[in-house]
Protein chains: 2
Amino acid sequence: MFQAVGIGSKIAKASIAIFDSGMGGLTVLREVVNLMPEERVVYLGDTARAPYGSKSREAVLRYSIENAEFLVGHQIKLLIVACNTASAIALEHLQGLFPFPVVGVIEPAIERVLRETKRQRIGVLATRATVASNAYQQGICSRLPEAMVKAISCPLLAPIVEEGLVGHPVADLMIESYLGGMRDEQVDILLLGCTHYPLLKEKIAAFVGEDVVVIDSAESCATHVNKLLVELGMRELSDGIGMGAKFFVTDAPDHFREHASEYLGDGWGELDVELVSTKA
Amino acid sequence: MFQAVGIGSKIAKASIAIFDSGMGGLTVLREVVNLMPEERVVYLGDTARAPYGSKSREAVLRYSIENAEFLVGHQIKLLIVACNTASAIALEHLQGLFPFPVVGVIEPAIERVLRETKRQRIGVLATRATVASNAYQQGICSRLPEAMVKAISCPLLAPIVEEGLVGHPVADLMIESYLGGMRDEQVDILLLGCTHYPLLKEKIAAFVGEDVVVIDSAESCATHVNKLLVELGMRELSDGIGMGAKFFVTDAPDHFREHASEYLGDGWGELDVELVSTKA
């Protein structure tokens with residue numbers, strides 16, 4: 001499946017590739033396009049096997065490799081693993097497999113936490129699988145050994161976003177239920193460690209109050225990618241904006257097409273979504 | 001993959017096979033074992049590809065055939081498709097493939113509705129995919145053309161059950177949110193069209209009040225299977241009770257082992273759960 005990504009000027013015209021288990025990674029794509037409108041983006045949602053959070057390490061590793069191998073066939077210059085579960089489990093392996101940069105959503109968020117925390121009291125919200133992977137807690141504590149890190153599993157928040165219930169009282173109830181105890185922890189940073197949570201960012205920020213900085217892993221990932229591409233001289237800086245995005249899914253393209261705007265916001269028009277087969 | 005199921009006395013000693021996309025089908029297994037404790041049961045949870053509700057018809061059909069083919073290798077006399085999505089999409093196809101009875105969760109529940117309804121005003125609660133499949137609505141209306149059938153998608157109820165939040169206020173909030181409008185419909189029957197919902201049956205019954213008969217598709221499926229096996233002379237009636245259950249999963253056996261009691265109730269001890277590979 002491997003294909004060379006090209007060199008020199010060809011690299012600059014190659015795409016930023018993004019994969020996720022489903023639609024959550026679209027929040028990362030949105031930030032990438034906002035920050036780097038000149039870049040071409042190719043996205044793969046592995047909707048046939050979503051969600052990854054309840055799957056084993058072996059399964060997530062295998063799915064991640066297959067996703068990356070598929071995207072390598074589309075002239076890419078950088079790969080974003082826009083899924084916390086896959087970032088926690090498969091990132092290092094993928095970095096060893098390919099010659100181009102492979103960026104996850106965890107490390108850029110941790111780096112931003114390290115830059116912004118003042119009192120070293122950090123809250124992390126994530127799915128059950130991401131919390132259990134210990135990736136955020138370990139990543140923060142290994143560099144700030146005296147930090148207090150409190151991770152909270154919020155398993156119902158992703159389904160609430162997926163079902164379009166961001167404006168329903170259930171979103172407020174579950175934010176209160178998951179975050180009620182967080183108030184006593186006196187955190188100064190709250191990290192949203194799931195690509196679905198940016199859609200709940202305003203509500204979460206309102207709940208924890210303005211003294212808490214809410215860091216969104218989609219946004220910090222895009223910021224990191226922009227900086228990295230500039231440093232590597234691989235940033236597309238042509239005048240033509242809106243180089244476009246191409247979307248692939250492994251199942252149910254119509255559902256993806258209909259619901260993508262909930263993650264991407266308006267102004268995208270009809271998306272170019274193509275069904276591709278995996279080994280599933 | 002196909003294997004003959006044996007004839008005569010061998011049939012009586014063969015197993016009842018059950019598959020589901022994950023753990024929800026365990027509510028069907030529980031009812032089967034309660035009603036037919038002398039039967040041997042073999043269960044496959046396709047946890048590597050769960051949930052099916054968000055997958056395409058093609059994917060669900062293919063997964064269902066693979067699951068059935070796997071179970072056929074375990075000396076079975078009857079197959080229960082304990083998943084509403086797979087029942088709606090794959091049942092007829094599976095019935096054409098195999099010589100033994102293949103029973104879904106939809107038809108037995110509809111038959112019970114037809115027997116019990118007095119005012120022919122019927123509510124159906126199910127996942128988004130099951131409601132969209134129209135299987136319950138069509139199945140009822142084709143035999144009771146003047147019936148009023150009101151189906152409601154309750155996409156958050158299955159995650160609430162899966163996350164062990166049956167006793168949390170979010171269960172009450174979402175039951176009220178989904179069923180609030182149902183009160184005006186004056187239904188006399190409320191059908192629970194998802195294998196996760198039996199765990200919420202008490203709360204749902206309390207919400208709709210005692211004038212509404214709540215029918216649970218897991219229970220009606222087991223009742224139908226019992227009757228069918230007796231009619232076919234294939235019911236195991238040996239004295240030895242607790243012939244045992246064997247469980248297979250396509251991913252994450254530990255998670256299955258730890259959480260099965262939420263669906264099965266207590267008294268099962270350590271389950272015999274084996275990881276098997278699918279083509280995924």
Side-chain angles (χ1 to χ4, degrees), chain A residues 21-23 45-63 66 85 127-129 132 153-165 167-178 180 196 249-256 258-259 275 277-280, chain B residues 21-23 45-63 66 85 127-129 132 153-165 167-178 180 196 249-256 258-259 275 277-280:
Chain A
S21 58
M23 306 188 74
D46 188 15
T47 46
R49 303 184 290 199
Y52 285 0
S54 54
K55 309 298 192 295
S56 68
R57 293 183 67 84
E58 295 69 32
V60 172
L61 181 60
R62 186 155 53 86
Y63 299 167
E66 288 172 14
T85 307
T127 62
R128 196 179 291 288
S153 300
C154 307
L156 225 54
L157 294 189
I160 284 169
V161 169
E162 280 170 6
E163 294 304 334
L165 295 170
H168 186 282
V170 72
D172 303 292
L173 174 67
M174 293 316 295
I175 287 169
E176 194 183 330
S177 176
Y178 291 134
H196 285 80
V249 292
T250 54
D251 196 24
D254 291 341
H255 183 269
F256 190 94
E258 281 160 28
H259 294 275
L275 178 66
S277 72
T278 65
K279 293 167 193 167
Chain B
S21 59
M23 306 188 74
D46 187 14
T47 45
R49 303 185 289 199
Y52 285 0
S54 54
K55 308 299 192 294
S56 68
R57 292 182 68 84
E58 295 69 32
V60 172
L61 181 60
R62 185 157 50 88
Y63 299 167
E66 288 173 14
T85 307
T127 63
R128 196 179 291 288
S153 300
C154 308
L156 224 54
L157 294 189
I160 284 169
V161 169
E162 280 170 5
E163 295 303 334
L165 294 170
H168 187 280
V170 71
D172 303 293
L173 174 67
M174 294 315 297
I175 287 170
E176 194 183 331
S177 175
Y178 291 133
H196 285 79
V249 291
T250 54
D251 196 26
D254 290 340
H255 182 268
F256 190 94
E258 279 159 29
H259 294 275
L275 177 66
S277 73
T278 64
K279 292 166 192 166

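Only this structure's heavy atoms are used, side chains among them; waters, hydrogens and symmetry mates stay out. Below, read A as the first sequence line, B as the second, and so on, with proteins coming before strands; counting in each chain starts at 1.
The residue among A/Leu165, A/Leu173, A/Asp254 with the most heavy atom pairs within less than 4.5 Å of chain B is A/Leu173. By number of non-hydrogen pairs under 4.5 angstrom with chain B, the leading residue of A/Pro253, A/Ala252, A/Pro159 is A/Pro159. With chain A as the partner, the residue from B/Met174, B/Lys55, B/His255, B/His168 showing the most heavy-atom pairs under 4.5 Å is B/Lys55.
Contacts of A/Ile160 with chain B are made by both backbone and side-chain atoms, with heavy-atom separations under 4.5 Å. Residue contact with chain B, scored on non-hydrogen atoms closer than 4.5 Å, is absent for A/Ala158.
B/Arg57 pairs by the salt bridge (charged side-chain N to carboxylate O under 4.0 Å, His left out) definition with nothing, not counting sequence neighbours.
A/Tyr178 has its side chain within reach of A/Leu156: a pair of non-hydrogen atoms, C-beta onward, lies under 4.5 Å apart.
Here the OG-CD distance, from B/Ser277 to A/Glu58, works out to 13.0 Å after rounding to the nearest 0.5 Å.
Salt-bridge check for B/Glu162 with A/Arg128: failed, with every basic side-chain N at 4.0 Å or more from each acidic carboxylate O.
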| When you look at B/Asp46 and B/Ser21, which way does the side-chain hydrogen bond (donor to acceptor under 3.5 Å, both in side chains) test go after all the steps? | CA-CA 5 Å; B/Asp46 187 14; B/Ser21 59; over 6 Å; no
